[in-house]
Amino acid sequence: MQGDQIWAVDALQALGHETRLSVFRMLVKAGPDGLMAGEIAQGCGVPASTMSHHLANLERAGLATSQRESRVIRYRADYAGMRQLLAFLMEDCCQGDPLLCADFSEIAACKP
């Protein structure tokens, strides 16, 4: 439990920055194809060197992954990490009464 909580604090801290939260949402929206680092920097209006710091932070927190493709790096949301964080936050939801948490499953459902 303690290790999960420490990890969750790190993940939430990574998302607690405006730019990193925007980047994470961009990656989630991009889906499994992800985005190139330059596309992310341009989309956020942040210099590439600053963006590298933010992307590394998300990767260390287990919320993003990277893959080198020739001279560029493609980033993707780490959906397993995202699910782990959401599961941790919802672990003891509603004192075990599924009716109280029913709306959460609708919110989390993928929408076209």
Side-chain angles (χ1 to χ4, degrees):
M1 178 67 165
Q2 183 67 12
D4 286 345
Q5 186 161 324
I6 291 169
W7 175 84
V9 167
D10 289 343
L12 291 169
Q13 186 174 20
L15 293 174
H17 187 279
E18 184 178 357
T19 300
R20 287 191 292 271
L21 181 59
S22 293
V23 169
F24 181 71
R25 290 177 55 98
M26 283 176 67
L27 292 174
V28 169
K29 185 175 182 179
D33 290 340
L35 296 167
M36 299 296 185
E39 293 175 290
I40 299 168
Q42 186 177 13
C44 289
V46 174
S49 59
T50 302
M51 185 53 66
S52 294
H53 166 75
H54 291 305
L55 289 164
N57 199 308
L58 287 170
E59 210 170 357
R60 275 191 306 276
L63 297 171
T65 62
S66 65
Q67 179 180 7
R68 180 166 289 283
E69 296 178 7
S70 186
R71 296 180 57 184
V72 295
I73 300 175
R74 180 179 302 274
Y75 287 88
R76 294 175 176 88
D78 186 330
Y79 293 101
M82 181 175 71
R83 281 191 296 276
Q84 182 181 352
L85 179 59
L86 292 172
F88 175 81
L89 292 172
M90 300 299 297
E91 187 173 312
D92 298 316
C93 177
C94 308
Q95 298 178 343
D97 184 350
L99 295 176
L100 294 175
C101 294
D103 291 345
F104 291 119
S105 63
E106 292 176 20
I107 292 168
C110 293
K111 297 176 181 137

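Both Y79 and L63 are part of a single hydrophobic cluster, where members link through side-chain heavy atoms under 4.5 Å apart. M36 and L58 end up in different hydrophobic clusters when Ile, Leu, Val, Met, Phe, Trp and Tyr side chains are linked at under 4.5 Å. Under the 4.5 Å side-chain heavy-atom criterion for Ile, Leu, Val, Met, Phe, Trp and Tyr, L21 and W7 are members of the same hydrophobic cluster.
Of all non-hydrogen atoms in G34 and R76, the two that sit nearest each other are CA-CG, 3.8 Å. Across every non-hydrogen atom of C44 and V23, the tightest pair is SG-CG2, 3.8 Å. When all heavy atoms of A41 and A48 are compared, the pair lying nearest together is CB-CA, 4.3 Å. The heavy-atom pair separating L35 from A30 by the smallest distance is CG-CB, 3.7 Å. A pairwise comparison of heavy atoms in A77 and L27 identifies N-CB, 3.7 Å as the closest pair.
Counting heavy atoms from C-beta outward, R20 and H53 have side chains that approach closer than 4.5 Å. For the pair M26/E39, no side-chain contact is recorded, criterion being any heavy-atom separation below 4.5 Å from C-beta on. Using a 4.5 Å cut-off on side-chain heavy atoms (C-beta onward), L12 and L89 make contact. Side-chain contact between L15 and L85 is present, with at least one heavy-atom pair separated by less than 4.5 Å.
Proximity of a side-chain donor or acceptor of Y75 to a complementary backbone N or O of F24 within less than 3.5 Å is not detected. Remark: the backbone N or O of R74 is not paired with any side-chain donor or acceptor of E69 at under 3.5 angstrom.
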Derivation of the side chain to side chain contact (heavy atoms under 4.5 Å, CB included) call for T19 and M51: CA-CA 9 Å; T19 300; M51 185 53 66; 4.1 Å; yes
Derivation of the side chain to side chain contact (heavy atoms under 4.5 Å, CB included) call for R60 and N57: CA-CA 5 Å; R60 275 191 306 276; N57 199 308; 3.9 Å; yes
